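Bear in mind the structure is a predicted one, so any value in this text is a computation, not a measurement. All values below come from the heavy atoms of this structure, side chains included, with hydrogens, waters and symmetry mates left out. Chain naming here is simple, since letters A, B, ... match the order of the sequence lines and numbering starts at 1 in each.
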Number of protein chains: 2
Amino acid sequence: MIEDNEKTGINDIARLANVSKATVDRVLYNRGRVSDETREKVLNICKELNYQPNILAQRLASDKVYRLAVLIPKSTPDNPYWEYPLKGIENAEKEVENYGIKIKKYFYDLKDIRSFRKESLQVLTSDPDGIVFAPEFNRESIEFSQKCSHKKIPYIFIDSNLPKQNHLSYFGQDTYQGGYLAGKLLSLHLKKHSEVLILNFANELANYPHFMDREKGMRDYFTEHNYHGKITSLNISPDQETELKEIVKGKLHRRTRGLFITSSAHKVARQIQKTGKGNLMILGYDLTTPNLKYLKNGIIDFLICQKPVTQGYLSIMALFDHLVQKKDIQKSNFMPIEIIAKENYQYYLDSNI
Amino acid sequence: MIEDNEKTGINDIARLANVSKATVDRVLYNRGRVSDETREKVLNICKELNYQPNILAQRLASDKVYRLAVLIPKSTPDNPYWEYPLKGIENAEKEVENYGIKIKKYFYDLKDIRSFRKESLQVLTSDPDGIVFAPEFNRESIEFSQKCSHKKIPYIFIDSNLPKQNHLSYFGQDTYQGGYLAGKLLSLHLKKHSEVLILNFANELANYPHFMDREKGMRDYFTEHNYHGKITSLNISPDQETELKEIVKGKLHRRTRGLFITSSAHKVARQIQKTGKGNLMILGYDLTTPNLKYLKNGIIDFLICQKPVTQGYLSIMALFDHLVQKKDIQKSNFMPIEIIAKENYQYYLDSNI
DNA sequence: AAATATTGCGGGAACGTTCCCGCATAATAA
DNA sequence: TTATTATGCGGGAACGTTCCCGCAATATTT
């Protein structure tokens, strides 16, 4: 048995091929002109010895700096969701900064489409080597994607997906399936003629497709499992939020046993806490600080989560793998759909895990 | 504003302190004799410039090889659980091999305490720089821990914890809380006078404390939530497994609506599939291949999981961080307790996530 | 045929560390 | 006093790459 214990390096290849290491380098990375004959020879030897470049030495020697751009919504007190993907991005940043990766972040306002236009333009003019972005505004995002494609800048979608684009990868949730799972959870609590209320906050227009998918997932679950109780939807627009209490109260039927809130559940939970929740099972989305409060005190029964921190982390890492390590990246990466309750939330606060 | 854009290196420190880089190195890593005066000066400058060593260059220049040992149970067809931590360990291995980390794996038989003695001895004589091990056999593991401590080899517990040991860290489940959560899930399905059956396979003696904790967690949930239905436990020993069908059938009361199996749920599910499950809600542990089959076909309703792949991955990474990066390691790392159902298992098959 | 351009390749500095070797000077021992 | 040892420090090779510079040999143009 041959001891291939000692790592073969570019020098070994060069020696065996009777060329200089510069030539090996040229062959491996198409950096210059080499005769077909030498190229052949070098490649064969590399394959034979299963040459793996030492990535440490590579990054150390190379002065190339990869500049990445991140374009995501800004977090707000009302909806702090985006602070989590950002945290993941920053975790990744620490890990790769030694490898010559520089990350610049751009934030847009989910309630202001112009801010997206403005920031996305900024990103383009900065001409980065790779982009992570959240395509929440459909039309504008498609436009932006196409510009990136045109400039040959690899880009990754996070949190939302746009089909038929030329993106390198997608990291995010399977929105429909999350709603479907929520249906299963609710159904454990429902009786034959119970009613269900689904609440959407329609004020963040960009997010609306998400909410619709979630609702559809839940409704499909009930349909597929022959549940025939009444299911009502309610879309709350920004100008109605002050009267939330009355609206919710008005819609909560005596027989309602399920309440599914597709975003910012804490707003509703706050009202319900005042009136008492009775027999209701309440399901919301995302382990954000305001939601957590109501999970802890028992108003919210379950939160469906999609690993927002991991989404951010993996997006950056994928770009790193693609650019630096030249690895192949999976195009679609759905995050696990997590079920979080009062009894297990504490293990999800920690970060990436 | 000062541009500290350019990374400060050991050379910059040396120049500013009017010493050679060798001296800076000596100061930073206590490698030799330096006068207090110089030491002081160098340290101050480092602090001032917030010097962060370039880990790439460090590992490249250093010929030090860290040898890690992993000592875990071997996976069996009957209980393939341990193939998952192993996978995580191998994932980590790929990531750190460029950093001069070599990992050697030792496996023992959960049903044979002598194999643990033998393998643990092997580990000790190989005199590694760090150890990851699963302390399933209490008595022997404590002994082994103490030997490691004595030899000043840092060691990490995986999957099971031993209190009061001198371990560097623990990665694993909070067994009790898992059972507690299972209690909550079951309770969604129970009616006022339903009965619950808890099944333990007592044939892997080493695992028995796990099972007991799980049972206790569930029982406590019920107690704390004033549930007064009958709860029966059944411990199945190796010689009874052939008659599993009759035993289970005999214990399944007409009013039993909950079945909690603390390990290898597939064995029971297989029998239940034949007789029909009726109104039963069945809860098991771990998303292993045989369990998955019965989750898919609806016999098992929920599996409680503890990120076995991540446990393996993080254990190695922690040792890496400790040895190579000299980072501080958290002593206790509980994995998230995951609820897996037919509707979301597909997102958990992928690896580390 | 001479001048110029292209092709194929090697030499070697640089990246930021680690760590060995050896040299002064100071402290201690004889 | 002289010999020996201890202390404090600098020089510089090495790690495995990247990439610039430049030099022959060959091909093309004038």
Report the nucleotide, chosen from [options], that has the shortest atom-to-atom distance to any side-chain atom of [X].
X       : options                : result
B:Arg26 : C:dC21, D:dC21, D:dT18 : C:dC21
A:Ser35 : D:dT18, C:dG8, D:dT17  : C:dG8
B:Asp25 : D:dC19, C:dC19, C:dG10 : C:dC19

Scan nucleotides 12-15 of chain D against the protein and return all N/O pairs shorter than 3.5 Å with their distances rounded to 0.1 Å.
| from | atom 1 | to | atom 2 | distance (Å) |
| --- | --- | --- | --- | --- |
| D:dG12 | O6 | B:Lys21 | NZ | 3.3 |
| D:dA13 | N6 | B:Lys21 | NZ | 3.3 |
| D:dC15 | O2 | B:Leu60 | O | 3.4 |
| D:dC15 | O2 | B:Ala61 | N | 3.2 |

Inset, instruction - Answer yes when B:Lys74 and B:Glu119 have at least one side-chain N-carboxylate O distance shorter than 4.0 Å, and no when they do not. - result: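 Salt bridge: no.
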What integer distance in Å separates [X]:[atom1] from [N]:[atom2]?
X       : N      : atom1 : atom2 : value
B:Arg33 : D:dT5  : CZ    : P     : 14 Å
B:Arg59 : D:dT17 : CZ    : C1'   : 17 Å
A:Asn54 : D:dT17 : CG    : C1'   : 8 Å
A:Gln58 : C:dG16 : CD    : C1'   : 17 Å

Legend entry - Residue-phosphate contact under 4.0 Å: B:Thr38 side-chain N/O, D:dC9 OP1/OP2: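 Yes, B:Thr38 has a side-chain N/O under 4.0 Å of OP1/OP2 on D:dC9.
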Legend entry - Side-chain N,O (B:Tyr51) to OP1/OP2 (C:dT17) below 4.0 Å: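 Indeed, a polar side-chain atom of B:Tyr51 lies that close.
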Legend entry - Sole candidate of A:Tyr170, A:Phe144, A:Phe171, A:Phe133 that passes ring-ring contact (aromatic ring centres under 6.0 Å, His included) when paired with A:Phe157: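 That would be A:Phe133; it is the only one of A:Tyr170, A:Phe144, A:Phe171, A:Phe133 passing the ring-ring contact (aromatic ring centres under 6.0 Å, His included) with A:Phe157.
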Inset, instruction - Between B:Thr23 and A:Arg31, name the one whose nearest nucleotide on DNA chain D is closer to the 5' end. - result: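 By nearest-heavy-atom nucleotide position, the 5'-most residue is B:Thr23.
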Legend entry - N/O donor-acceptor pair under 3.5 Å between B:Lys41 side chain and B:Ala17 backbone: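 Such a contact is found between B:Lys41 side chain and B:Ala17 backbone.
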Inset, instruction - Please determine, by modelled atom types, if A:Tyr155 and A:Ser149 share a side-chain donor-acceptor pair under 3.5 angstrom. - result: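 On atom types as modelled, these side chains qualify, holding a pair under 3.5 Å.
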Inset, instruction - Have a look at B:Asn18 and say if it touches a base, only the backbone sugar-phosphate, or nothing, with a 4.0 Å heavy-atom cut-off. - result: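 Contact class for B:Asn18: sugar-phosphate only.
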Legend entry - Heavy-atom neighbours of A:Asp127 CG exceed 12 at 6.0 Å: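 It does: A:Asp127 CG has more than 12 such atoms within range.
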Mind listing the side-chain donor-acceptor pairs of residues 45-58 of chain A below 3.5 Å, one per line with the distance, residues two or more places apart or on another chain?
| from | atom 1 | to | atom 2 | distance (Å) |
| --- | --- | --- | --- | --- |
| A:Asn54 | OD1 | A:Leu56 | N | 2.8 |
| A:Asn54 | OD1 | A:Ala57 | N | 3.2 |
| A:Gln58 | NE2 | A:Tyr29 | OH | 2.8 |

